Amino acid sequence: MDLQQFVPNVHFEQIPIKNLVSNQEYQRNLSIKHVKKAAEHFDPYQINPVKVSKRDGVNYVFNGQHTIEIIALVSGSRDTPVWCMVYDDLDYTHEADIFANQMKYTKPLLPYEIFMANIEAGSDKHLIIQALVESYDLHISSSSQPGGICAVSSLENIYDKYGYHVLDRTLRLIVGTWEGANLSFSANMLNGISRLIFCYDDALKDNLFKERLSRISVKEISRTARDRKAGSLGFAEAILIYYNKKTHNALKFEKLYSMKKRNIIKNQTLDENSNNKRSSENSTDDSSNGDDVQLDFFNEAHMFESSN
């Protein structure tokens, strides 16, 4: 058997960015936002080779256009060379087919796998989250199991959005109320309770929470949540209903909604500012033949380019 049939006919070459062309119709438009975000976290060890098709003496980039723009931004020069995986025997339609299908059978990393890799890498944030989880005799797991939390992304999101103490209190309330009952550490439950803690802070009394909610099963909360709203907001509403029963000092639902409204307005404002800024940058890019275009992180960039 000729084993070479399983090896692509390519060679590797360092090519200056200025000698690369990446304006094929099948590619996505460049995203200034992604370039800038990635450039802030530049790491040369994360760079993947750029895939290039050499046709008629021109180096056409068919995967890696975001990568080269990030490097151009960070280095400040389009003379900067990048490692390229060069194909000499492709035509335009073959390039487009590779671009469209190269991620089709790629298995993406799961949140648990990414989290544990960050643990091995010594990431402070992930080590802190892991230590906090384990302080409650729990563990981070890849699947639902007693004492395990598999909603890894939710743990990270709560830590990033609300901070360590809200995550700590969220875990404490769940453990003290349902004692590790099945689904009590679901993503919706974690996010719903953290939302309540952030909204009401000290007005939400831990002892009353445990006293009133411990009588309600997680399944019942889930059913009530489904009847109200999708996702974690439905869980937050359902929990608040049971918390407020038979009390003279009920927590006002308006505060829960006002936070959501503030977030929506904030996000809309950020989006509008981003769009306005992008329009201005695109205008600048047009006048400079794209020399100032910038883009997203390298592993993310390749996924970003190929995922559509």
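Just so it is clear, the structure is predicted and the values come from calculations on it, not from any experiment. All residue numbers refer to positions in the sequence shown, counting from 1.
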Please tell me if the side chains of [X] and [Y] come closer than 4.5 Å, counting only heavy atoms from C-beta onward.
X    : Y    : value
V86  : V10  : no
I239 : M189 : yes
R195 : E237 : no
E69  : R78  : yes
L196 : C199 : no
V166 : Y159 : no
I47  : W83  : no
Y200 : L256 : yes

Can a donor-acceptor pair be found, under 3.5 Å and without considering hydrogens, that links the side chain of [X] to the backbone of [Y]?
X    : Y    : result
T177 : I174 : no
R223 : V218 : no
N101 : K104 : no

Apart from [X] itself, residues in the same hydrophobic cluster as defined by side-chain heavy atoms under 4.5 Å:
X   : result
M1  : L3, F6
V7  : none
V58 : V21, Y60

Test side-chain contact (heavy atoms from CB on, under 4.5 Å) on K219 and S222 and set out the steps. CA-CA 5 Å; K219 286 186 178 180; S222 299; 5.5 Å; no
Between F198 and Y162, does the ring centroid distance fall short of 6.0 Å?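 Judged by ring-centre distance (under 6.0 Å), F198 and Y162 do meet the cut-off.
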Indicate the atoms forming the closest heavy-atom contact of [X] with [Y], along with that distance.
X    : Y    : answer
S142 : Y112 : CB-CD2, 3.5 Å
L190 : I158 : O-CD1, 3.6 Å
A203 : Y243 : O-OH, 3.8 Å
R228 : A238 : CD-N, 4.3 Å
K205 : D202 : NZ-O, 3.1 Å
F185 : G180 : CE1-CA, 4.2 Å

Are D168 and Y136 close enough, and set up right, to give a side-chain contact (heavy atoms from CB on, under 4.5 Å), and what steps lead you there? CA-CA 9 Å; D168 182 21; Y136 288 100; 2.4 Å; yes
Please tell me whether [X] and [Y] are part of a single hydrophobic cluster in this structure, the criterion being side-chain heavy atoms less than 4.5 Å apart.
X    : Y    : result
V133 : Y164 : yes
I129 : I114 : no
L110 : M116 : no
I128 : L155 : yes

Could you note down all residue pairs passing salt bridge (charged side-chain N to carboxylate O under 4.0 Å, His left out) where residues 79-90 supplies at least one of them, sequence neighbours left out?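 For residues 79-90: K18-D79.
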Would you list the pairs meeting salt bridge (charged side-chain N to carboxylate O under 4.0 Å, His left out) in which at least one residue belongs to residues 114-132, sequence neighbours left out?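 Applying salt bridge (charged side-chain N to carboxylate O under 4.0 Å, His left out) to every pair that reaches into residues 114-132, excluding sequence neighbours, yields K125-E156, K125-D160.
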How about N249: does its CG atom have over 12 heavy atoms from other parts shown lying under 6.0 Å from it?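 Atom CG in N249 is not packed in, count stays at 12 or less.
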Check this for me: D2, atom CG, are more than 12 non-hydrogen atoms of other residues, nucleotides or ligands nearer than 6.0 Å?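 For D2, atom CG is crowded (more than 12 foreign heavy atoms under 6.0 Å).
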The criterion is salt bridge (charged side-chain N to carboxylate O under 4.0 Å, His left out); which residues satisfy it with [X], sequence neighbours excluded?
X    : answer
R212 : none
K252 : none
D97  : none

Sequence neighbours excluded, which residues qualify as side chain to side chain contact (heavy atoms under 4.5 Å, CB included) partners of L20?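 Residues passing side chain to side chain contact (heavy atoms under 4.5 Å, CB included) with L20: I15, V52, N59, V61, I68, V82, C84.
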Those residues that, when tested against H165, pass side chain to side chain contact (heavy atoms under 4.5 Å, CB included) (two or more places apart):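 H165 satisfies side chain to side chain contact (heavy atoms under 4.5 Å, CB included) with no other residue.
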Do Y242 and T224 have side-chain atoms, one donor and one acceptor, less than 3.5 Å apart?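 Y242 vs T224: donor-acceptor pair found between side chains.
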Mind checking side-chain hydrogen bond (donor to acceptor under 3.5 Å, both in side chains) for N188 and listing every partner two or more places apart, or none if nothing turns up?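 Per chain and number, N188 pairs via side-chain hydrogen bond (donor to acceptor under 3.5 Å, both in side chains) with no residue.
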Between K210 and D206, does at least one N-O distance fall below 4.0 Å, as a salt bridge requires?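 Looking at K210 and D206, the cut-off is not met.
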Salt-bridge criterion met for K51 and E95 (N-O under 4.0 Å):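 Not counted as a salt bridge, because no side-chain N and carboxylate O are separated by less than 4.0 Å.
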Residues 145-154, side-chain donor-acceptor partners within the protein, below 3.5 Å, at least two apart:
unit_1: Q145; atom_1: OE1; unit_2: H139; atom_2: NE2; d: 3.0
unit_1: S154; atom_1: OG; unit_2: N191; atom_2: ND2; d: 3.3

